[in-house]
Trainee: 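Once you've had a glance at the structure underneath, I'll fire off some questions.
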Amino acid sequence: MTDGPLRILLVGDYPDDPRLGSAKVPHKLREEFRAAGHTCEALFSDGFGDRPAGRQVRQLVSPMLAAQAIRRALSTSRYDIVDVASADGLWFGVARHLGAWRSTAYICRSNGLEHLNYQRMVEDSDAGLTPKPWTRRLWYPMSRLSQVAGAARMADRMVLLTDIDRQFALRRGWLPADRIDVIPHGVSSRFLEHDSAPSTRGRGALFCGSWGHMKGITYLMEAFTALVDRGRPVPLTVLGCGVAAPEVMAAFPERTRPYVTVIDRVPEEQVIVEYRRHDLLVFPSTYEGFGLALLEAMSQGLPVIATPVGCAPDIVRDGDTGVLVPIRDSTALADAVMRLMDSPQDRARIGANGAAAVSSMSWRRTAERTVIAYRKALAQA
């Protein structure tokens, strides 16, 4: 089946919460696929079962749990496409290679290659941020990363988010180049409706993301504390951190805390309001699968200061559509914040250029490109 409406099953071991990074992807794709006339369902963690709950064991058995959940879904409905995140398609792919469900194409989707995130975790350990004993350095590659690679090799096609990920997959020989599609995420249509709520800026800097070392929180804290020590404090809002406000505040020295505000996870409409209230976005991540907050902020004309991770190298041109700073460099981050806060003209110019650069990156466009990849997979199957 290479034309007409498709029947699509999206699968990922994520909580069913559209506010969260990777979980947002199936929610948005499902919405767009249905609007285009396709049939689409999604399987989240609750469809895999609650046990085992421990993170390491869960990662080990998740591909088997996913295969069982997919089998149950296919026993009651026919799907043309089964689009599975990361390692979770491994055993479904093996079953197809053994002759099962041959009329259903298998897409291996990565919302960020775990191999590259593992490299970041090792670097965090080397920087003294988190422990990473040799036992875990052996266990994770053997138990999880080998499954990620196997799932990719079993797929009809692979969907990746950035050229960085594509080059990594090609170097590892997971699939040939003509079976790998790079399809970046998009933003909801409401993000592109600029005239519906004019910007009223002046709230200072915004950090948007979960509160963890992957997001560069140590360097965020160091940079904004350095600004306080220079006598140039900049208000900082931490949005959607996913932990209690006291935990966030405790990461900052007492002298910095009066300039920090914490806002819990909020609906998308309120996120847009915050993008339009603030003067710049700080994005000091040491790794990102994609970095949707960067794209969303740029769509609102909010100038961004980012490290070259995830989608940043593809959409941020330093000094033009944003500002790039080195990874793990709090001094460079502080300097960039101070420089932009001192120049309303640069903020306005960079914000406008950034909005123009991402103006076509909608979830609808992402869904359209994904359907093209699906049809290629069906033609190959």
Side-chain angles (χ1 to χ4, degrees), residues 112-113 115-132 162-165 168 204-239 241 248 250-253 255-257 259-260 278-295 297-298 302-343 346-347 350-351 353-354:
L113 289 181
H115 292 69
L116 298 179
N117 190 31
Y118 174 75
Q119 178 180 319
R120 185 273 309 173
M121 289 188 283
V122 171
E123 291 169 355
D124 280 351
S125 177
D126 293 343
L129 302 181
T130 57
K132 196 74 173 175
T162 68
D163 192 60
I164 292 173
D165 288 357
F168 183 92
L206 177 68
F207 169 88
C208 185
S210 57
W211 195 248
H213 286 298
M214 185 182 82
K215 299 294 184 179
I217 59 173
T218 296
Y219 310 102
L220 178 77
M221 178 274 295
E222 290 176 352
F224 280 82
T225 298
L227 291 171
V228 171
D229 292 342
R230 294 179 192 180
R232 299 292 305 278
V234 174
L236 171 66
T237 299
V238 176
L239 172 64
C241 52
V248 175
F252 292 87
R255 63 188 182 280
T256 309
R257 293 173 195 167
Y259 305 100
V260 180
H278 287 80
D279 300 300
L280 57 85
L281 180 86
V282 283
F283 192 83
S285 297
T286 54
Y287 168 80
E288 287 284 346
F290 184 72
L292 192 55
L294 192 65
L295 176 58
M298 292 174 68
L302 184 62
V304 300
I305 300 172
T307 50
V309 299
C311 67
D314 297 328
I315 64 176
V316 177
R317 297 188 300 273
D318 187 35
D320 181 17
T321 62
V323 175
L324 290 174
V325 296
I327 297 171
R328 301 180 190 273
D329 190 334
S330 57
T331 300
L333 178 60
D335 290 345
V337 170
M338 189 167 63
R339 189 166 63 250
L340 275 190
M341 290 301 295
D342 284 346
S343 179
D346 281 345
R347 295 204 307 272
I350 289 172
N353 289 347

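Just so we're clear, the structure is a prediction, and the values are computed from it rather than from any experiment.
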Trainee: Run the side chain to side chain donor-acceptor pair (under 3.5 Å) test against N353 and tell me which residues pass, sequence neighbours left out.
Mentor: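 Side chain to side chain donor-acceptor pair (under 3.5 Å) list for N353, sorted by chain: D320.
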Trainee: Which heavy atom in A334 sits nearest to a heavy atom in L227, and how many Å separate them?
Mentor: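 Residues A334 and L227, closest heavy atoms: O-CD2, 3.6 Å.
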Trainee: What residues form a side-chain contact (heavy atoms from CB on, under 4.5 Å) with S330, not counting sequence neighbours?
Mentor: Y219, E222, A223
Trainee: Show the atom names and distances, to 0.1 Å, of all donor-acceptor pairs under 3.5 Å that link a side chain in residues 207-218 to residues at least two apart or in another chain.
Mentor:
residue	atom	partner	partner atom	Å
K215	NZ	E288	OE1	3.2
K215	NZ	E288	OE2	2.7

Trainee: Do the side chains of V282 and V337 get nearer than 4.5 Å, heavy atoms only?
Mentor: yes
Trainee: If you round to the nearest 0.5 Å, how far is CZ of R328 from OG1 of T286?
Mentor: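 Answer for the OG1-CZ pair, T286 versus R328, is 4.5 Å.
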Trainee: Which atom names give the shortest non-hydrogen contact between P253 and T225, and what distance separates them?
Mentor: CD-OG1, 3.3 Å
Trainee: Go through the structure and list residues passing salt bridge (charged side-chain N to carboxylate O under 4.0 Å, His left out) with D318, not counting sequence neighbours.
Mentor: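 D318: no salt bridge (charged side-chain N to carboxylate O under 4.0 Å, His left out) contacts found.
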Trainee: Check whether any side-chain heavy atom of Y259 sits under 4.5 Å from a side-chain heavy atom of V234, and report yes or no.
Mentor: no
Trainee: Mind checking what makes salt bridge (charged side-chain N to carboxylate O under 4.0 Å, His left out) contact with R230, not counting sequence neighbours?
Mentor: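 Applying salt bridge (charged side-chain N to carboxylate O under 4.0 Å, His left out) to R230 gives D335.
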Trainee: Examine distances only and state if a side-chain atom of R257 and a backbone atom of F252 form a donor-acceptor pair shorter than 3.5 Å.
Mentor: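 Side chain of R257 to backbone of F252: a pair is present.
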Trainee: So, taking the atom named CG in L294 and the one named SG in C311, what distance separates them when rounded to the nearest 0.5 Å?
Mentor: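 Going from the CG atom of L294 to the SG atom of C311 covers 5.0 Å.
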Trainee: For I350, enumerate each residue passing the side-chain contact (heavy atoms from CB on, under 4.5 Å) test, keeping only those at least two apart in sequence or located in another chain.
Mentor: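 So I350 forms a side-chain contact (heavy atoms from CB on, under 4.5 Å) with P303, V323, L340.
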Trainee: Sort and list the pairs that fulfil salt bridge (charged side-chain N to carboxylate O under 4.0 Å, His left out) and have at least one residue in residues 305-315, not counting sequence neighbours.
Mentor: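 Applying salt bridge (charged side-chain N to carboxylate O under 4.0 Å, His left out) to every pair that reaches into residues 305-315, excluding sequence neighbours, yields nothing.
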Trainee: Determine the minimum heavy-atom distance between A293 and L281, stating which atoms define it.
Mentor: O-CD2, 4.1 Å
Trainee: CG/D346 to CG/L280 distance, rounded to the nearest 0.5 angstrom?
Mentor: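 Between D346 CG and L280 CG, I get 12.0 Å after rounding to 0.5 Å.
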Trainee: Within the distance-only criterion (no hydrogens, no angle test), does the side chain of R347 pair as donor or acceptor with the backbone N or O of M341 below 3.5 angstrom?
Mentor: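 Side chain of R347 to backbone of M341, a donor-acceptor pair under 3.5 Å: yes, one is there.
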Trainee: Within the 4.5 Å heavy-atom criterion, are M121 and T130 side-chain neighbours or not?
Mentor: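 With C-beta onward as the side chain, the pair stays apart.
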Trainee: Could you walk me through whether L220 and L236 pass the side-chain contact (heavy atoms from CB on, under 4.5 Å) test, one step at a time?
Mentor: CA-CA 10 Å; L220 178 77; L236 171 66; 4.2 Å; yes
Trainee: Suppose we screen for salt bridge (charged side-chain N to carboxylate O under 4.0 Å, His left out). Which residues come up paired with R339, at least two apart in sequence or across chains?
Mentor: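 None.
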Trainee: Which residues satisfy the side chain to side chain donor-acceptor pair (under 3.5 Å) test with D163, sequence neighbours excluded?
Mentor: none
Trainee: For a quick test of reading the model, state the closest non-hydrogen atom pair linking T162 to G310 and the distance between them.
Mentor: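 Smallest heavy-atom distance, with atoms named: CG2-O, 3.6 Å.
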Trainee: Look up atom CG in L333 and atom CD1 in I305, then write down how far apart they are to the nearest 0.5 Å.
Mentor: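 Rounded to the nearest 0.5 Å, the CG-CD1 separation comes to 6.5 Å.
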Trainee: Just so I know, are the side chains of M298 and V316 near enough to count as touching, which here means a heavy-atom distance under 4.5 Å?
Mentor: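 Heavy-atom side-chain distance check passes, below 4.5 Å.
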Trainee: Could you tell me which residues satisfy salt bridge (charged side-chain N to carboxylate O under 4.0 Å, His left out) with R120, sequence neighbours excluded, listed by chain and number?
Mentor: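 Residues passing salt bridge (charged side-chain N to carboxylate O under 4.0 Å, His left out) with R120: D124.
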Trainee: To check you understand the geometry: which heavy-atom pair defines the closest contact between T307 and P326, and what is its length?
Mentor: CG2-O, 3.7 Å
Trainee: Which heavy atom in A336 sits nearest to a heavy atom in V325, and how many Å separate them?
Mentor: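 The answer is CB-CG1, 3.9 Å.
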Trainee: Tell me, do D279 and L206 make a side-chain contact under 4.5 Å, heavy atoms counted?
Mentor: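 Side chain of D279 against side chain of L206, heavy atoms only: no contact under 4.5 Å found.
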Trainee: Which residues satisfy the ring pair (Phe, Tyr, Trp, His ring centres under 6.0 Å) test with F168, sequence neighbours excluded?
Mentor: H115, W174
Trainee: Quick one: list whatever passes ring pair (Phe, Tyr, Trp, His ring centres under 6.0 Å) with F224, sequence neighbours left out.
Mentor: none
